[in-house]
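Accompanying notes for the structure given below.
Along the sequence shown, residues carry numbers from 1.
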Amino acid sequence: MDNPGTAASGTSGTAGSARRAATPPLTARQRERRRRILHATARLACRGGFEAVQMREVAESSQVALGTLYRYFPSKVHLLVATMHDQLERLHGTLRKSPPAGETAADRVAQTLMRAFGALQREPRLAEAMARALTFADRGVSPEVDQVSRQTTAIILDAMGGLDNPTPEQLSAVRVIEHTWLSTLITWLSGRASLAQVRVDIETVCRLIDLTEAGGHGRAPRSGPDASG
């Protein structure tokens, strides 16, 4: 029987997380199969958004049996949240090759998150599908949601300077920045915020990083029209 590793098996909450943590790592064959599934999901979402992602079509497009697909991903919400993690992982690789060059950590994080918005803007239907999946995710999707959160945290910490041991204050600031990033993504996708408004909100929340520098003894947040550098 195929063992998908990170796939859910109908459990939820803490029990589901514990069972997944004990699952052996994916084999090379399983990783390749999972990669095909995620790529097929992204292609379908790019063409038709959330509604276009149907499990049977994903299975056919990725050349896996429908039962195998369900062992990897019990629902399309699981599937689309995992796709978002995959997209963020790819973005992280790009950012490592071409990191932001802002003067301060706050500037670099703001630049990084706006670059992420730029990538999402190029594929708005995919972005909408992934955001809807995150919104619909319940406790049964917690492991996939946690992966998205950890990947976003890693991207932000890298932009801050690759902190190996961030302080509790820094991690708290990162969480608030993550929440704001997701919220602005949803409001932008729904047409309730322009990209310019998104930029202002992202630059504003990133000033929290200034408050955490040097254990809270960093410079005070900047204000005024030139705050973004």
Side-chain angles (χ1 to χ4, degrees), residues 4-8 20 26 30-55 57-59 61-62 64 69 72-100 108-137 141-160 174-175 177-190 193 195 198-199 202:
T6 58
R20 294 189 199 191
L26 298 178
Q30 290 166 345
R31 286 196 301 273
E32 171 58 22
R33 184 180 294 120
R34 190 176 189 275
R35 183 192 65 80
R36 293 202 314 269
I37 291 170
L38 295 177
H39 285 192
T41 302
R43 286 195 302 270
L44 288 168
C46 284
R47 291 201 296 263
F50 186 84
E51 300 302 333
V53 178
Q54 301 298 324
M55 298 296 275
E57 290 190 35
V58 172
S61 182
S62 58
V64 302
L69 174 61
Y72 279 73
F73 304 101
S75 73
K76 78 174 184 178
V77 171
H78 288 82
L79 184 52
L80 282 164
V81 174
T83 300
M84 186 166 193
H85 174 255
D86 184 62
Q87 295 291 313
L88 287 171
E89 212 169 33
R90 292 168 178 273
L91 173 66
H92 200 181
T94 300
L95 289 167
R96 282 172 168 163
K97 294 176 183 176
S98 178
R108 293 191 297 275
V109 172
Q111 285 182 28
T112 294
L113 296 179
M114 289 311 300
R115 283 172 66 177
F117 260 99
L120 293 169
Q121 189 179 25
R122 290 191 289 273
E123 297 292 352
R125 289 181 175 179
L126 172 60
E128 181 267 345
M130 296 186 301
R132 282 183 67 180
L134 277 175
T135 302
F136 294 156
V141 197
S142 291
E144 287 82 4
V145 173
D146 288 346
Q147 283 188 319
V148 168
S149 180
R150 284 194 296 270
Q151 187 64 60
T152 307
T153 296
I155 289 171
I156 293 172
L157 290 176
D158 266 10
M160 289 171 64
V174 168
R175 284 194 298 273
I177 291 169
E178 285 183 38
H179 296 329
T180 303
W181 184 79
L182 180 58
S183 176
T184 53
L185 172 62
I186 291 170
T187 55
W188 170 68
L189 287 168
S190 66
L195 204 59
V198 167
R199 183 182 298 277
I202 292 297

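The minimum heavy-atom distance between Pro100 and Thr112, with the atom names listed, is CG-OG1, 3.2 Å. The two atoms that bring Leu80 and Ala133 nearest to each other are CB-CB, 3.5 Å, heavy atoms only. Scanning all heavy atoms of the two residues, the minimum distance from Val81 to Val148 falls at O-CG2, 3.5 Å. The shortest non-hydrogen separation linking Ala110 to Ile202 is CA-CG2, 3.9 Å. Between Leu91 and Ala116, the shortest heavy-atom contact is CD2-CB, 3.5 Å. Across all non-hydrogen atoms, the minimal contact from Glu178 to Ser149 is OE1-OG, 3.1 Å.
In this structure, the separation between CG on Leu134 and CD1 on Ile186 is 7.5 Å, given to the nearest 0.5 Å. To the nearest 0.5 Å, atom CZ of residue Arg90 and atom CD of residue Gln87 are 6.5 Å apart. Here the straight-line distance linking atom CG of Leu189 with atom OG1 of Thr184 works out to 9.5 Å at 0.5 Å rounding. Note that CG of Leu69 is 6.0 Å distant from CG of Leu79, once rounded to the nearest 0.5 Å. In this structure, OG1 in Thr135 is found 8.5 Å from CG in Leu185, a value given to the nearest 0.5 Å. The CD1 atom of Ile177 sits 11.5 Å away from the OG1 atom of Thr152 when rounded to the nearest 0.5 Å.
Proximity of a side-chain donor or acceptor of Gln54 to a complementary backbone N or O of Glu51 within less than 3.5 Å is detected. Between the side chain of Lys76 and the backbone N or O of Thr41, no donor-acceptor pair lies under 3.5 Å. Side-chain atoms of Ser190 come within 3.5 Å of backbone atoms of Thr187 as a donor-acceptor pair (strictly under, hydrogens ignored). For the pair Ser61 (side chain) and Val58 (backbone), a donor-acceptor distance under 3.5 Å is absent.
Annotation: side chain of Leu120 is in contact with side chain of Met130 (closest heavy-atom distance under 4.5 Å). Side-chain contact between Ser98 and Arg115 is present, with at least one heavy-atom pair separated by less than 4.5 Å. Looking at heavy atoms from C-beta onward, His78 lies out of side-chain contact with Tyr72 at the 4.5 angstrom threshold. Between Met114 and Val198 the shortest side-chain heavy-atom distance falls below 4.5 Å. By the 4.5 Å heavy-atom criterion applied to side chains, Leu157 and Val174 are counted as neighbours. Between Val141 and Phe136, the closest side-chain pair of non-hydrogen atoms is not below 4.5 Å. Between Met160 and Val109 the shortest side-chain heavy-atom distance falls below 4.5 Å. His92 places a side-chain heavy atom less than 4.5 Å from the side chain of Arg96.
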What verdict does the side chain to side chain contact (heavy atoms under 4.5 Å, CB included) test give for Arg34 and Phe73, after you've listed the backbone C-alpha separation in whole Å, the side-chain angles of each residue and the deciding distance to 0.1 Å?
CA-CA 10 Å; Arg34 190 176 189 275; Phe73 304 101; 3.8 Å; yes
Gln147 and Leu88: side chain to side chain contact (heavy atoms under 4.5 Å, CB included), yes or no, with the steps?
CA-CA 10 Å; Gln147 283 188 319; Leu88 287 171; over 6 Å; no
Pair Arg125, Glu128 - check salt bridge (Lys or Arg N to Asp or Glu O under 4.0 Å), show working.
CA-CA 5 Å; Arg125 289 181 175 179; Glu128 181 267 345; over 6 Å; no
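Within a 6.0 Å sphere centred on CZ of Arg199, other residues, nucleotides and ligands contribute 12 heavy atoms or fewer.
Side-chain N/O atoms of Arg43 and His39 include no donor and acceptor closer than 3.5 Å.
Arg35 and Glu32 are joined by a salt bridge, as a carboxylate oxygen and a charged side-chain nitrogen come within less than 4.0 angstrom of each other.
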